[in-house]
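What follows is a set of notes on a single structure, which appears directly below.
Computation of the quantities below employed the complete heavy-atom set of this structure, encompassing side-chain atoms and omitting hydrogens, waters and symmetry-equivalent molecules.
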Amino acid sequence: MDALSILCIVLAFSVIAVTVAVVLALKEVIKSARRLTNRLDETLRQVEVTTEDLRKTNSSIRSVISNVDYAAANFAHLTDGVKHFRGAVDVATKVIDRSVSPALIGFAGGLAGLKTAFSHIAQRISGNSGKETR
């Protein structure tokens, strides 16, 4: 064999070796790309789950806030009712102070006077007027 044939054979083997090396390198690149794609898919699924959880949390927070608004409105309504009721109680208190209370005081004074009068009459009738008993 001459030198040119040997050179062609060596070049053919080197082309085959380079081709095998390129194929193995491309195979590893494809394998890495698949792993990267799988990790990216998993990350996107986790982002979707997190987004869904945030949406549910946001919905829950909105319902809680609407319930708080409803409770605040009820409390304001209750406060207004208490203010109006307090006005009625103030009127009733004034009526009691100005009319019922003096009438009760007069009635109590009349009862005390009647008791004293009956006691005095009873003592006169029984003959114990002015005598102390021990």
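The side-chain contact (heavy atoms from CB on, under 4.5 Å) search around Val22 returns Val18, Leu26, not counting sequence neighbours. Remark: Ile65 engages Ile61, Asp69 in a side-chain contact (heavy atoms from CB on, under 4.5 Å) (not counting sequence neighbours). Partners of Glu52 under the side chain to side chain donor-acceptor pair (under 3.5 Å) rule, at least two apart in sequence or in another chain, are Arg55. Applying the side-chain contact (heavy atoms from CB on, under 4.5 Å) rule to Thr79 yields the partners Phe75, Lys83; only residues at least two apart in sequence or on another chain are considered. Ile121 is linked by a side-chain contact (heavy atoms from CB on, under 4.5 Å) to Ile125, counting only residues two or more places apart in sequence or in another chain.
Considering NZ of Lys115 and OG of Ser119, their distance stands at 7.0 Å, rounded to 0.5 Å. For the atom pair Asn58 CG and Asp53 CG, the distance stands at 12.5 Å (nearest 0.5 Å). Between the CG atom of Leu11 and the CD1 atom of Ile16 there is a distance of 11.0 Å, given to the nearest 0.5 Å.
Heavy atoms only, all atoms of each residue included: Ser63 and Ser60 are closest at OG-O, 2.7 Å.
Taking Ile, Leu, Val, Met, Phe, Trp and Tyr as hydrophobic and joining them when side-chain heavy atoms fall under 4.5 Å apart, one finds Val64 in a cluster with Val68. Hydrophobic cluster membership for Val23: none, as no Ile, Leu, Val, Met, Phe, Trp or Tyr side chain comes under 4.5 Å of it. Hydrophobic side-chain contacts under 4.5 Å tie Val47 to no other Ile, Leu, Val, Met, Phe, Trp or Tyr residue.
For residues 31-48, the set of pairs meeting the side chain to side chain donor-acceptor pair (under 3.5 Å) definition, not counting sequence neighbours, is empty. The side chain to side chain donor-acceptor pair (under 3.5 Å) analysis of residues 1-21, with sequence neighbours excluded, yields the pairs Asp2-Ser5.
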